[in-house]
Q: 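I have a structure here, written as structure tokens, and I will follow up with some questions on it.
For ligands, and for the atoms within them, numbers begin at 1 and follow the listed sequence. Just the heavy atoms: all of them, side chains too, but no hydrogens, waters or symmetry mates, feed the values below. All values reported here derive from a predicted model rather than from experimental measurement.
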Amino acid sequence: MSAEQKLSERSVAEMLLDWEPVIGLEVHVQLATSSKAFSPSGTAFGEPPNSLTDPTVLGLPGALPAFNRHALELALRLGVATSSQIRAKSRFARKHYFYPDLPKGYQISQYDEPLCEHGHLDLIVGAELKRVRLQRIHLEEDAGKNLHAGTVSHVDLNRAGVPLVEVVSEPELTSAEEAAEFMRALHRLVRWLDISEADMEKGQLRCDANVSIRMRGEDRLGTRTELKNINSFRFVQHAVEHEIARQLRIIDAGGRIERETRLWDETLGQSAPLRSKEEANDYRYFPDPDLPPVMVDGGMMGGILKTLPELPAVRFARYQKELGLSPDDARLLVSERGLADYFDACVAAHPSQRGARNLANWMLTELLGALNAEGKSITESPMPAPTLSALVVLVENGTISGKIGKEIFEESFRTGEPPLAIVERRGVQQISDEAVLAPVVDKVIAANAKQAKDYQSGKDGLFGFFVGQVMKETQGRANPVVANDLLRKKLGR
Ligand code: ADP
Ligand code: MG
């Protein structure tokens, strides 16, 4: 970093004492349906260009859209999971603009009567949850894709008409980290609910970030810019960070922020203006006359409520409060529903809730380590949750030592043999019985009379040597607590 850059970075940090960043995100999430929002073409990724089209997608005269009910169910799941108000009767609107990837000349979206409003999304920030309010979640269709190759441009309409929800936050995120966290929370939630695979490399989750700054203590919002189409957690953080600094410098130099749309270039690490922002009336929104209103009834809502799983943010809090897990372990476990479900199954199979922390440890280190090494996910684990739980119990109740436990884990993971059976076959039970260990300790002391003398005359470091000898005599099976006690007693110090 150059001296000049350093200077300006410092002044950004200083200006942030007086100025508050405000960020609102609009996130597009592709709904995991097999056919398009308003027509029967497929939605697979990576098919030959323009192979997934039909008269409706192409906007041919006379083609009529029919709304995909599965898309509605998926959107409703998200609405319910974010505690949104659901409109019993919402409406599709046409949003007009001219672009080669939009053959109809308008996008089917929702405007003044969206499906969901006033929900919220809980972010995980450190050990806490931060609740961010949502303005709305509405249904719309995706556009196609323009590909520019040298002087030629191509249009691929495979993505045109794919169903999306747009999740719009209130302007109440206050840092680039929080903006990235919002995207992470939404990504986790839609995957958790099986609404979307949310594969960001395939464009299935992407966001526009609206950024402004205002004097601290000011209620009114500043003029915002909008950063378009950001498709990674890291990029959103960089883009917003950069935009906050850019706006601060403009203000610092006595300038004004222009309302505009900008494009973030991650490779260059900077954004460039794309266009000055269009107003809603430029789009000439009006209700789509080809589509009836979207009706949601009690039966549909009941079905969704019945099948809604416990949400990641709720589990994150529960794991800490009820099970005493660390925030880090809790966050890791709720990063994927498969992990959290496996963990819950371990806890359910364990005789006491107090085993939760040990279970989390064994699961996150031994099990995930072994799965990783084989490139397997948690849902492909060859070791069922009750088996891991049984192994942890054997360590907890002293049947085997932690060290032997790891060996047993490995064998059980590999062969599927139950841990207890392996322990019995191998005869590796920990020896905790004093009556069994006492003669071993006597023998070790007798065989090392000189070291015993040295220890007794003050060479404390030799104690470890005796522990080691007892372990060697018992092939590592001596209970270290009992062995230490006996050694202390018999060595006489
Ligand atoms: P549009 O982008 O379609 O004009 P809205 O006006 O509804 O839509 O706002 C879209 C997003 O911009 C929302 O996420 C909102 O929180 C955010 N937003 C609006 N005003 C500001 C502002 N001054 N600063 C930061 N974000 C803002
Ligand atoms: Mg916008």
Q: Report the part of Leu25 (side chain from C-beta onward, or backbone N, CA, C, O) that has a heavy atom under 4.0 Å from ligand 1; answer both or neither where that applies.
A: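 Leu25 to ligand 1: backbone contact only, side chain stays beyond 4.0 Å.
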Q: Closer than 3.5 angstrom, by distance alone: can the side chain of Gln237 be matched with the main-chain N or O of Glu177 as a donor-acceptor pair?
A: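 Judged by distance alone, no pair lies under 3.5 Å.
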Q: Closer than 4.0 Å to some heavy atom of Glu170 - which atoms of ligand 1 meet that?
A: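 Going through ligand 1 atom by atom, the ones under 4.0 Å from Glu170 are 16 (O).
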Q: Measure the distances from the heavy atoms of Glu172 to every atom of ligand 1 and state whether one is below 4.0 angstrom.
A: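 Contact absent.
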Q: May I ask you to check whether Arg224 has an N/O atom sitting below 3.5 Å from an N/O atom of ligand 1?
A: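 So ligand 1 has an N or O lying under 3.5 Å from an N or O of Arg224.
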Q: Is there side-chain contact between Pro273 and Thr261, with at least one heavy-atom pair below 4.5 Å?
A: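 Not in contact.
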Q: State whether a side-chain donor-acceptor pair under 3.5 Å links Gln270 with His242.
A: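 No pair is found: no donor N or O on one side chain lies under 3.5 Å from an acceptor on the other.
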Q: Nearest 0.5 Å please: distance from the CD atom of Glu170 over to the NE2 atom of His118.
A: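 Nearest 0.5 Å value for the CD-NE2 distance: 8.0 Å.
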Q: Show me which atoms of ligand 1 lie under 4.0 Å from any heavy atom of Gly222.
A: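 What qualifies from ligand 1 is 23 (N).
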Q: Give the single entry among Glu166, Arg133, Glu26, Arg259 that approaches atom 10 (C) of ligand 1 most closely by any heavy atom.
A: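 Nearest option to atom 10 (C) of ligand 1, by heavy atoms: Glu26.
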Q: Could you list the atoms of ligand 1 found under 4.0 angstrom from a heavy atom of Gln135?
A: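 In order of numbering, the contacting atoms are 7 (O), 13 (C), 15 (C), 16 (O).
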Q: Considering only heavy atoms of Val168, which atoms of ligand 1 have at least one such atom less than 4.0 Å away?
A: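 Those qualifying, in numeric order: 13 (C), 14 (O).
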Q: Just to check, does Glu226 reach to within less than 4.0 Å of ligand 1 when the distance is taken from its heavy atoms?
A: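 Heavy atoms of Glu226 do come under 4.0 Å of ligand 1.
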Q: Is a side-chain donor-acceptor pair under 3.5 Å present for His148 with Ser153?
A: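 Yes - a donor-acceptor pair under 3.5 Å links their side chains.
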Q: Determine, considering heavy atoms only, which of Pro171, Ala209, Cys207, Ser169 sits nearest to atom 27 (C) of ligand 1.
A: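 Ranked by closest heavy atom to atom 27 (C) of ligand 1, first place is Pro171.
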Q: In a check of salt bridge (Lys or Arg N to Asp or Glu O under 4.0 Å) between Glu141 and each of Arg94, Lys36, Lys104, Lys95, which one passes?
A: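 Exactly one pass, corresponding to Lys104.
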Q: For the ring pair Tyr106 and Tyr283, is the centre-to-centre distance below 6.0 Å?
A: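 No, they do not, as the ring centres are separated by 6.0 Å or more.
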